Novice: 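Following this message is one structure expressed as structure tokens.
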There are 2 protein chains.
Amino acid sequence: MNHKQSKQRTRLLEMLRNHYGHLSAEQVYNKLKEEDKRISLATVYRNLNLLAEQNKINKIEHPTVGSMYDGREYPHYHLHCEACDGLFDIQGLYLNELNDKVETQMKARILTHRIVFEGICESCLKKGSNVDGHLT
Amino acid sequence: MNHKQSKQRTRLLEMLRNHYGHLSAEQVYNKLKEEDKRISLATVYRNLNLLAEQNKINKIEHPTVGSMYDGREYPHYHLHCEACDGLFDIQGLYLNELNDKVETQMKARILTHRIVFEGICESCLKKGSNVDGHLT
DNA sequence: TTGGATGCAAAGGTTTTGCAGTAAT
DNA sequence: ATTACTGCAAAACCTTTGCATCCAA
């Protein structure tokens with residue numbers, strides 16, 4: 001399929017690139033609507049899926065909220081805080097060699113991998129949250 | 001909350017423990033219904049969530065199908081095949097040290113982590129699938 | 001001009017919830 | 001006797017899709 005360039009897709013990508021952190025489709029939609037009321041949620045979903053397939057953005061399955069997106073261009077892992085439900089980037093820890101290892105072991109072809117760490121983020125630790133029993 | 005033991009929950013856990021592979025909530029529901037018509041999907045969901053929270057079963061976010069569950073008792077990673085959409089266990093490759101590493105780096109408390117590898121499984125490679133453009 | 005992209009609304013699929021009844025402790 | 005658990009159906013949610021229109025190439 002040949003893709004044309006659309007204002008909506010361009011703005012969406014630009015917005016994600018300039019936004020640090022993770023956004024849901026709905027949040028992306030709301031942010032874009034601030035500039036142009038006429039954009040639709042369907043378009044946001046269509047473009048998020050397209051850009052994620054093209055690896056121009058990252059799609060992360062958030063354990064409780066649905067899919068989240070970020071515009072980082074380098075591969076990275078995520079920390080999901082069970083207390084505040086936040087999603088945090090983990091920098092400088094991408095294990096390239098893992099793909100080869102699994103490729104050999106599974107006799108498969110590995111394209112990429114994702115890691116999500118589960119725990120309590122720095123800020124929640126300071127607050128002394130005890131997270132509905134997980135930590136008690 | 002104090003939990004009582006119910007027939008439904010017991011059977012569900014037992015079934016998952018004896019079933020090798022991954023099942024969706026719907027599939028769990030159908031399997032359990034074979035033995036007892038009267039079980040409900042809501043009960044299946046409630047128990048899957050409960051058992052996953054208690055770490056008695058694993059919940060894996062399948063990229064396209066929704067949540068999948070397995071009854072393995074040891075931690076392991078998964079391979080998602082983009083061709084057949086299958087989910088495969090990866091044995092003997094659990095990196096305990098990763099948790100410490102991230103704990104230090106993020107000043108967080110890490111409880112666990114999950115890895116999903118994306119690629120093409122052995123069987124699909126043999127079939128020479130070329131997966132709707134991902135590999136072309 | 002042509003085919004991809006959009007907006008809108010409707011539909012789809014998965015998961016959760018309210019409630020009255022049932023069963024475990 | 002309590003209180004959690006169940007079944008059922010309705011509701012909630014997130015995401016996708018059909019279609020007529022619009023717009024980029």
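Keep in mind that what you see is a predicted model, and the values were worked out from it rather than measured. Just so we're on the same page: letters track the sequence lines, and every chain starts at 1.
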Novice: What I want to find out is whether A:Lys126 reaches A:Glu122 closely enough, with some N-O distance under 4.0 Å, to be called a salt bridge.
Specialist: yes

Novice: Find the distance A:Lys33:NZ to C:dG7:C1' and express it as a whole number of Å.
Specialist: 12 Å

Novice: Verify the contact: side-chain N or O of B:Tyr45 to OP1 or OP2 of C:dT15, cut-off strictly under 4.0 Å; return yes or no.
Specialist: yes

Novice: Rounded to whole angstroms, how far apart are OH on A:Tyr29 and P on C:dC8?
Specialist: 7 Å

Novice: Looking only at side-chain N and O atoms, does B:Ser40 come under 4.0 Å of OP1 or OP2 in D:dT6?
Specialist: no

Novice: Would you say the ring centers of B:Tyr77 and B:His113 fall short of 6.0 Å from each other?
Specialist: yes

Novice: The side chain of A:Ile39 is closest to which nucleotide in this list: D:dA4, C:dA5, C:dG7?
Specialist: C:dG7

Novice: Examine D:dC14: is either OP1 or OP2 under 4.0 Å from a nitrogen or oxygen in the side chain of A:Ser67? Give yes or no.
Specialist: no

Novice: What is the distance from CE of A:Met68 to C1' of D:dC14, rounded to the nearest Å?
Specialist: 13 Å

Novice: Using the closest heavy atom to pick a nucleotide of DNA chain D for each, name whichever of B:Asn47 or B:Lys4 lands nearer the 5' end.
Specialist: B:Lys4

Novice: Output the rounded distance in Å from CZ (B:Arg9) to P (C:dA23).
Specialist: 16 Å

Novice: Once you round it to whole Å, what is the distance between P of D:dG7 and CD of B:Gln8?
Specialist: 4 Å

Novice: Taking the minimum atom-to-atom distance to the side chain of A:Ala25, which one of D:dA24, C:dA24, D:dT15 wins?
Specialist: D:dT15

Novice: Say you draw a straight line from CZ of B:Arg9 to CG of B:Leu48; how long is it, rounded to the nearest 0.5 Å?
Specialist: 11.0 Å

Novice: For B:Leu48 and C:dT15, what is the distance between atoms CG and P respectively, to the nearest whole Å?
Specialist: 9 Å

Novice: Are the aromatic rings of B:His78 and B:His80 close, with centres under 6.0 Å apart?
Specialist: no

Novice: Look at the side-chain N and O atoms of A:Asn2 and state whether any lies under 4.0 Å from the OP1 or OP2 oxygen of C:dT2.
Specialist: no

Novice: Between B:Tyr69 and A:Thr43, which has a closest nucleotide on DNA chain C that is more 5'?
Specialist: A:Thr43

Novice: For the rings on B:Tyr69 and B:His62, is their centre-to-centre separation under 6.0 Å?
Specialist: no

Novice: On DNA chain C, does the nearest nucleotide to B:Ser6 precede the nearest nucleotide to A:Arg46 from the 5' side, or the other way round? Give the residue.
Specialist: A:Arg46

Novice: What is the distance, rounded to the nearest whole Å, between atom CZ of B:Arg11 and atom C1' of C:dA23?
Specialist: 15 Å

Novice: Indicate, with a heavy-atom threshold strictly under 4.0 Å, whether A:Ser24 touches base, sugar-phosphate, or nothing.
Specialist: nothing

Novice: Could you check how far CD of B:Glu26 sits from C1' of C:dG13, rounded to whole Å?
Specialist: 10 Å

